[in-house]
Amino acid sequence: MLRYIASETDAWLVISCLLIPSFNDSEREIGSMCAWIAEHVGTRVPLHYSAFHPGWKMNDVPATPSTTVRRARRQALAARLKCFYTGNIVDAGRDRTDCASCDAVLIQRN
């Protein structure tokens, strides 16, 4: 579906993934996802990796460490993804959108 939306429609596509410890936060899984996105969806589709925080039905799962989200960012950059963002953690300088031409801050997230 993501491949179709990216290549066959004019829809704005953003991929968001909640990293949940022991469910989908392994280095292998994140690396595979980043490689797949780069190959099949494109390197300019915005990708957000967000930290999980326990609540309601998943109180038995710990919060995602900020180091995991930062590792996911490094893996996305290694896969040559251009528009990558971290979420649900304090990550100064990595939580904004910069202009691809002049590097000016276009959107600052908090």
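Values below: every heavy atom of this structure, side chains too, minus hydrogens, waters and symmetry copies.
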Measure centre to centre between the rings of F84 and Y49, then say whether the value is under 6.0 Å. yes
Show the atom names and distances, to 0.1 Å, of all donor-acceptor pairs under 3.5 Å that link a side chain in residues 5-15 to residues at least two apart or in another chain.
residue : atom : partner : partner atom : Å
S7      : OG   : R3      : O            : 2.8
T9      : OG1  : I5      : O            : 2.7
T9      : OG1  : A11     : N            : 3.2

N/O donor-acceptor pair under 3.5 Å between Q75 side chain and C34 backbone: no
Hey, is the main chain of S66 close enough, under 3.5 Å, to the side chain of R71 for a donor-acceptor pair? no
Donor-acceptor pairs under 3.5 Å, side chain of residues 51-62 to any protein atom, not counting sequence neighbours: which ones?
residue : atom : partner : partner atom : Å
H53     : NE2  : N88     : O            : 3.1
N59     : OD1  : G55     : N            : 3.4
N59     : ND2  : W56     : O            : 3.1

Working for side chain to side chain contact (heavy atoms under 4.5 Å, CB included), residues I89 and T64: CA-CA 9 Å; I89 64 168; T64 306; over 6 Å; no
Do you know the tightest heavy-atom contact between A38 and A79? CB-O, 3.5 Å
Do P21 and T68 have side chains that get closer than 4.5 Å, going by heavy atoms? no
Assigning hydrophobic clusters by single linkage (Ile, Leu, Val, Met, Phe, Trp, Tyr; side-chain heavy-atom cutoff under 4.5 Å), is L2 placed with I30? yes
Hydrophobic clusters here meaning ILVMFWY residues chained together by side-chain heavy-atom distances under 4.5 Å, can you tell me if W36 and V45 are in one? yes
For side chain to side chain contact (heavy atoms under 4.5 Å, CB included), just list the numbers for N24 and C17, CA-CA rounded to whole Å, side-chain angles, deciding distance to a tenth of an Å, and then say yes or no. CA-CA 9 Å; N24 67 343; C17 182; 3.6 Å; yes
CD (E29) and CG (L19) are apart, to the nearest 0.5 Å, by 9.0 Å
Run the side-chain contact (heavy atoms from CB on, under 4.5 Å) test against S16 and tell me which residues pass, sequence neighbours left out. H48
